[in-house]
Amino acid sequence: VRAETVGSHEAAGRVLSEAVYARYSSPTMHSAAMDGIAVRAADTFAAREGHPVALRRGETYHPVNTGHPMPEGCDAVVMIEHVAQIDTDTVEIEAPAFPWQHVRRIGEDIVATELLFPRNHRLAACDVGALLSGGIWEVQVWERVRMRIIPTGDEVLDFTTRPEPGAGQVVESNSQVLAAMARDMGCIVERIPPVPDNPDALRAELARSLDEGVHVTVLCAGSSAGSKDFTRQVIAAEGRVLVHGIQAMPGKPSLLGECRGRLVVGAPGYPVSAVVCFDELVAPLVAWMGRTVPADRPVADVHLTRKVPSKLGVEEFVRLAVGRVGNRLVGTPLGRGAGNITTLSRAQAVARVPALSEGATEHEVLRARLTVPEAVLDSILVCVGSHDNTLDVLADELMGGERPFRLISTHVGSMGGITALRGGSCHFAGAHLFDPETGDFNFPFLDKYLPDMDVRVVNLAIRHQGLIVAAGNPKNIGKVEDLARSDVRFINRQRGAGTRILLDWHLGQAGIAPSLVQGYDKEEFTHMAVAVNVLTGAADCGLGIHAAARALGLDFVPLARERYDIVIPATHMDDARVQAMLALLRDERFLKRVEAMGGYETTLSGRVMEKGMGLGG
């Protein structure tokens with residue numbers, strides 16, 4: 001099965017033959033998420049019911065509609081329903097707005113250059129929106145599996161002629177049942193008129209199908225021991241018989257063969273037997289050839305990794321990233337923003353929060369409808385913790401292996417990863433926590449927060465952290481002390497992130513109070529989100545990894561080298577998914593991909609770390 005190029009708008013249902021990375025961020029600017037007025041949240045804090053705050057047009061408020069860019073200096077939107085118009089230029093509000101209320105942030109959904117989809121991902125309808133939103137106009141996909149169905153038998157009548165069957169005759173229909181099932185799997189299907197019980201005629205049709213490069217040829221009826229069943233001898237003449245007869249009833253006479261590297265199927269003549277043959281033999285093989293899995297929509301009990309608050313009176317559908325960890329399914333709630341189309345693509349299940357509930361608590365079990373076959377969940381590797389661009393490379397390489405595994409990662413910071421390990425909610429956590437007192441990474445924190453858990457700490461890479469600044473560094477930012485300048489706007493990482501802990505340490509070393517850093521309280525959850533804020537001018541700089549700056553063509557001021565490790569509970573070390581990941585960490589091709597991103601050293605990659613190794617070992 002070869003690769004081909006198709007337009008993104010026509011790619012739904014197709015399977016990617018190579019990874020896709022976003023060209024654009026979405027949204028490309030901070031924008032209003034509601035019709036109303038844009039304000040500076042601090043100007044509204046005094047508003048109370050019966051004690052409104054008056055705002056002046058062009059001074060303390062600006063009219064906006066959904067999707068409009070946020071005016072300079074504004075960080076919140078008040079819905080038009082909550083605004084009282086006093087005169088042409090004056091409005092009043094009776095409730096305060098909080099920062100970023102009803103505002104879609106830059107890169108909230110998609111960040112330019114980030115991995116949208118790994119290879120061998122089957123694109124759903126919602127994924128087309130993600131591709132176009134990310135500026136991807138065409139993609140490389142595997143060609144559709146082409147199937148030709150050849151009905152056989154003297155007694156079968158071609159239904160296209162609308163025949164009137166006589167004694168001993170039947171209207172041929174199996175080909176259409178199998179064709180419909182194949183089309184449901186995305187195959188391109190051709191059916192030819194019935195071929196009589198003549199071995200030369202049957203072999204000629206099979207040879208023509210092979211000559212034309214058809215991937216799967218299905219011969220309907222003619223694989224039993226009857227005197228007129230020539231399927232076996234025809235396949236043997238053109239290639240070799242692999243299977244003749246299976247331990248199933250119906251479906252026992254099913255036959256599989258290989259001719260010139262192509263699959264040939266002998267489907268039984270009885271309709272139910274033919275369907276069993278397709279379901280049990282053909283469908284799995286076609287799915288394997290097309291890099292897909294047969295469709296299934298089961299339900300399952302999913303353990304939440306964190307609480308899901310919900311508004312009373314509204315039934316809510318929560319999309320979950322689900323994987324099997326140990327003997328249970330764990331689900332991480334994905335973003336619930338209405339504009340975040342990628343949550344549709346990344347979810348493996350959807351759970352309902354009833355209207356009379358205020359939500360679900362951490363570790364609560366929800367009954368969820370799976371959006372992927374349940375077998376897929378056993379191939380998912382769950383990561384919770386610190387964000388790093390190498391995880392995208394890891395995700396792509398895992399899907400490209402002989403036995404594909406899908407990596408789903410939730411970026412909650414290094415400390416959030418330790419919390420997830422304690423709750424048994426992941427296979428591994430990414431962490432890069434530096435302890436100044438010992439000069440070591442991660443182990444002091446593991447000793448403190450996971451004293452009774454047996455874990456293995458394996459290095460992914462040594463990475464370079466520093467200040468991400470605009471191309472050309474127009475504000476000449478060169479050291480941590482510059483963050484206290486009044487003309488420098490900073491963008492921070494979230495609480496619990498190792499990068500933020502590193503920043504706080506550097507600020508302390510420089511004697512700078514966080515309150516002196518303009519933008520210290522503005523948070524993002526990934527290095528790429530920090531970088532895109534700098535790229536678009538929403539901030540002058542932020543602390544992040546060199547690879548993120550390089551990916552977006554930004555400049556980088558190095559501050560520190562740090563060890564990014566993956567922390568794995570000992571109970572998961574023998575898991576096939578974990579073993580596949582560990583094998584990649586020692587794979588030269590993978591390491592070269594990591595090094596090519598810039599700002600990474602792989603001298604310790606794949607090595608089991610011990611206390612006191614620091615950056616050397």
Side-chain angles (χ1 to χ4, degrees), residues 25-109 306-314 316 318 333-340 343 353 358-359 486 489-495 500 514-526 529-530 532-533 536-540 542:
S25 296
S26 177
T28 57
M29 61 198 169
H30 293 321
S31 60
M34 294 285 179
D35 295 343
I37 60 172
V39 299
R40 191 169 74 96
D43 294 337
T44 71
F45 288 165
R48 297 291 185 274
E49 186 173 356
H51 298 280
V53 166
L55 303 171
R56 294 281 296 173
R57 184 188 182 103
E59 296 177 8
T60 50
Y61 88 87
H62 303 268
V64 291
N65 290 331
T66 302
H68 280 182
M70 290 294 289
E72 184 71 23
C74 295
D75 63 355
V77 171
V78 179
M79 295 172 60
I80 192 65
E81 294 90 338
H82 300 158
V83 177
Q85 192 79 43
I86 304 304
D87 57 39
T88 304
D89 295 317
T90 307
V91 300
E92 288 184 349
I93 60 174
E94 291 190 331
F98 57 85
W100 303 108
Q101 171 179 290
H102 303 318
V103 175
R104 292 195 69 202
R105 298 191 188 190
I106 295 169
E108 175 186 88
D109 192 12
R306 62 171 182 256
K307 66 179 181 180
V308 179
S310 185
K311 186 178 179 180
L312 274 174
V314 178
E316 188 169 3
V318 180
L334 296 169
R336 288 182 280 172
N340 291 357
T343 61
V353 178
E358 290 185 324
S486 60
R489 297 166 300 153
F490 187 74
I491 184 72
N492 208 352
R493 287 292 302 279
Q494 81 278 17
R495 294 178 184 273
R500 181 158 174 161
S515 59
L516 296 178
V517 179
Q518 184 185 173
Y520 180 87
D521 56 346
K522 295 182 178 179
E523 301 178 347
E524 291 289 359
F525 283 79
T526 68
V530 169
V532 81
N533 272 268
T536 58
D540 298 312

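Fair warning: this is a prediction, and the values are worked out from it, not measured in the lab.
No donor-acceptor distance shorter than 3.5 angstrom exists from the side chain of D89 to the backbone of R56, with no hydrogens or angles considered. Side chain of T28 to main chain of S25: no donor-acceptor pair is present (N/O by atom type, distance under 3.5 Å, no hydrogens or angles). Without hydrogens or angle criteria, S26 side chain to D109 main chain gives no donor-acceptor distance under 3.5 Å. Proximity of a side-chain donor or acceptor of R489 to a complementary backbone N or O of G519 within less than 3.5 Å is not detected. For the pair Q101 (side chain) and V77 (backbone), a donor-acceptor distance under 3.5 Å is present. No donor-acceptor distance shorter than 3.5 angstrom exists from the side chain of N533 to the backbone of A538, with no hydrogens or angles considered.
When all heavy atoms of S31 and G67 are compared, the pair lying nearest together is CB-O, 3.9 Å.
No side-chain heavy atom of N492 sits under 4.5 Å from any side-chain heavy atom of K522. Looking at R48 and P96, their side chains come closer than 4.5 Å, going by heavy atoms from C-beta outward. Side chains of L55 and E92 form no contact here, defined as non-hydrogen atoms less than 4.5 Å apart. Inter-residue side-chain proximity for I80 and M34 is flagged as unmet; no heavy-atom pair is nearer than 4.5 Å. Here the side chains of D43 and V53 are not in contact, with every heavy-atom distance at 4.5 Å or above.
The environment of Q85 atom CD is dense: over 12 non-hydrogen atoms of other residues, nucleotides or ligands sit within 6.0 angstrom.
Judged as a salt bridge (Lys or Arg N to Asp or Glu O under 4.0 Å), and not counting sequence neighbours, R105 has no contacts. Residues passing the side-chain hydrogen bond (donor to acceptor under 3.5 Å, both in side chains) test with E523 are R500, sequence neighbours excluded.
Side-chain contact check for T90 and R57: no donor-acceptor pair (N or O, by modelled atom type) lies under 3.5 Å.
Residue pairs meeting the ring pair (Phe, Tyr, Trp, His ring centres under 6.0 Å) criterion with at least one partner in residues 75-108, sequence neighbours excluded, are H30-W100.
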